[in-house]
Amino acid sequence: MSESREVFAAQDLSEGGEIFRRLNPPARLAIFGDPVAHSASPPMHNAALREQHHKLQYVRILVKPEELSEALRNLSSADFIGTSLTIPHKQAALALIDEITPEAKLMGAINTVAVRDGKLHGYNTDGLGFVAAFHEEFSTGLRDKNILILGGAGGAGRAIAVQCLIEGGIPSIANRNKSKGDLLKALIDQEWDDYAGILKSLDMSQETLAAALKSTEVIINATPLGMKADDSSPLPDGLLNADHIVYDTIYSGGETALLRQALFAGAKCANGFSMLLHQGVLQNAIWFGEPAPLETMRIALTSLKGTTS
Ligand code: NAP
């Protein structure tokens, strides 16, 4: 019995997915992405599956955008329990899934699919994964906090913004392309009576950010700025202070420029490792209907460096 390191192809799921049934243990969970070779999800999920004594494994499947629809449709006949979705499939999957949670609809993205009675059910665990990570890192919640989400109209940012509203927070989203943030605000204000009028959409100019930070308690980076070692911070220098809480969703590589600014200002801060862990923990619970082995998954992830979901 061993965990496959192979990157499988979307067409391997066709004709009953024989190749996955022949593995020992058989593969019945996967991550779909393009690229997918460097994903950290298989070691994290396989550690959980071993601990839970499930006789199945989780593999990587390279699914190109044009293959996504058929790959999802083939999951059931290949006897899969579900799949994780990563770049570039999270948004495209919305139109291809039978049942989607209301939260995932507003988040505009699905990162988890569960197959039940031949139907595909779509979830988004990024928002709740962020909330669990935030509690773990800072021993506090988001209720009534003013929250600024940089890149809040992007995939991860939007999931976090919607979840912050659900948690009773007061989020603002700042976007390079402000019209995207305006659209998200309009959608939430129209579709979601309970949260209408709370979300603000801002531009990312120095003046706007400086003014917003005066009343902001929590700053979240959901832009990719910081993924490369020489990336600048999405925030101008000198705006953070010791009362701020800074969460950078980036988990690959070392300290980002934003985290360096936070440390310099004496602010509390954390990187996206804990969100990566908790979104995976929630996926396992969706597939198996029982609590996932959090510490086992944490150890499996900690042993990896410079990885992606
Ligand atoms: P995405 O959908 O492409 O969204 C990226 C957002 O960042 C958009 O709002 C985009 O604005 C903005 N942006 C891009 N480049 C920028 C720049 N140079 N300056 C300012 N804003 C910029 O990407 P995503 O999938 O949400 O991923 C975003 C980040 O979240 C990545 O770093 C990823 O590692 C992280 N993430 C972490 C986790 C975790 O579990 N820790 C999970 C998911 C994602 P425009 O729309 O104007 O282009």
Side-chain angles (χ1 to χ4, degrees), residues 31 33-36 38-41 44-45 65 84-94 104 107-112 123-134 136-137 148-163 171-185 199 201-206 208-209 219-236 246-259 269-283 297-298 301-302 304 306-309:
I31 180 162
D34 180 14
V36 78
H38 302 293
S39 170
S41 293
M44 172 174 69
H45 281 297
S84 310
L85 299 175
T86 189
I87 289 172
H89 302 314
K90 289 186 187 184
Q91 283 91 359
L94 277 178
M107 289 171 184
I110 291 169
N111 75 338
T112 311
Y123 304 82
N124 189 315
T125 66
D126 281 337
L128 272 178
F130 162 74
V131 170
F134 189 86
E136 182 178 287
E137 300 281 5
L148 177 64
I149 306 160
L150 305 162
R158 181 169 166 167
I160 291 170
V162 168
Q163 198 68 47
S172 297
I173 49 176
N175 280 280
R176 185 172 60 172
N177 179 348
K178 183 174 178 285
S179 61
K180 272 197 193 172
D182 293 345
L183 272 177
L184 177 57
K185 177 185 166 44
L199 186 77
S201 168
L202 309 175
D203 62 59
M204 285 188 83
S205 68
Q206 175 148 3
T208 303
L209 294 175
I219 297 109
I220 300 156
N221 178 33
T223 78
L225 274 176
M227 292 184 81
K228 290 188 252 117
D230 58 353
D231 274 348
S232 57
S233 169
L235 271 189
V246 179
Y247 191 89
D248 197 331
T249 65
I250 290 172
Y251 47 79
S252 51
E255 217 166 68
T256 62
L258 175 67
L259 291 179
C269 62
N271 72 21
F273 175 89
S274 45
M275 177 175 162
L276 179 64
L277 170 66
H278 284 284
Q279 61 81 31
V281 163
L282 291 161
Q283 291 185 316
M297 295 172 81
R298 190 194 306 276
L301 260 191
T302 309
L304 305 165
T307 49
T308 57
S309 68

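Bear in mind that the values here come from a model prediction, so they are computed numbers and not experimental data. The figures here come from the full heavy-atom set of this structure, side chains too, leaving out hydrogens, waters and symmetry mates. Counting starts at 1 for both ligands and their atoms, following the listed order.
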Fill in the blank from the handout: A student comparing Asn271, Asp231, Leu225 should find that the heavy atom closest to atom 19 (N) of ligand 1 comes from Leu225
Problem - Nearest neighbour of atom 31 (C) of ligand 1 from the list Arg158, Met275, Met227, Lys178, on a heavy-atom basis - result: Met227
Consider every N or O of [X] and every N or O of ligand 1, then say whether any pair is closer than 3.5 Å.
X: Tyr251; value: no
X: Asp126; value: no
X: Gln279; value: no
X: Gly155; value: yes
X: Gln91; value: no
X: Ala156; value: yes
X: Lys90; value: no
X: Gly152; value: no
X: Gly272; value: yes

Handout entry: Identified side chain to side chain contact (heavy atoms under 4.5 Å, CB included) counterpart of Ile31 within the set Leu85, Asn111, Thr86
Key = Thr86
Practice task
State which residue, out of Leu183, Asp182, Leu184, fulfils the side chain to side chain contact (heavy atoms under 4.5 Å, CB included) condition with Ser201.
Solution key: Asp182
Exercise for the section: Record the part of Leu150 in heavy-atom contact with ligand 1 below 4.0 Å; permitted values are side chain, backbone, both and neither. Expected result: neither
What atoms of ligand 1 come within less than 4.0 Å of a heavy atom belonging to [X]?
X: Asn177; value: 47 (O)
X: Ile250; value: 32 (O)
X: Lys180; value: 45 (P), 46 (O)
X: Asn175; value: 9 (O)
X: Pro224; value: 5 (C), 7 (O), 13 (N), 14 (C), 15 (N), 32 (O)
X: Leu276; value: 39 (C), 40 (O), 41 (N)

Fill in the blank from the handout: What one should report as the nearest heavy-atom pair of Pro236 and Leu209 is CD-CD1, 3.9 Å
Completion exercise
Heavy atoms of Leu94 and Ala109 approach each other most closely as CD1-N, 3.9 Å
Handout entry: Check: Asn221 and Leu235 side chains under 4.5 Å, non-hydrogen atoms
Key = no
Handout entry: Asp34 and Pro65, any side-chain heavy atoms less than 4.5 Å apart
Key = yes
Problem - Set of ring-ring contact (aromatic ring centres under 6.0 Å, His included) partners for His278, sequence neighbours left out - result: none
Exercise for the section: Applying ring-ring contact (aromatic ring centres under 6.0 Å, His included), name anything that partners Phe134, two or more places apart in sequence or on another chain. Expected result: Phe130, Phe138
I'd like to know if the side chain of [X] reaches the main chain of [Y], judged simply by a donor and an acceptor atom lying under 3.5 Å from each other, with no hydrogens or angles considered.
X: Tyr247; Y: Met275; value: yes
X: Asn175; Y: Ala153; value: yes
X: Asp203; Y: Lys178; value: no

Handout entry: Residue pair Ile250, Asp231: steps toward the side chain to side chain contact (heavy atoms under 4.5 Å, CB included) verdict
Key = CA-CA 12 Å; Ile250 290 172; Asp231 274 348; over 6 Å; no
Exercise for the section: Examine ligand 1 and decide if any of its atoms is less than 4.0 Å from a heavy atom belonging to Ala222. Expected result: yes
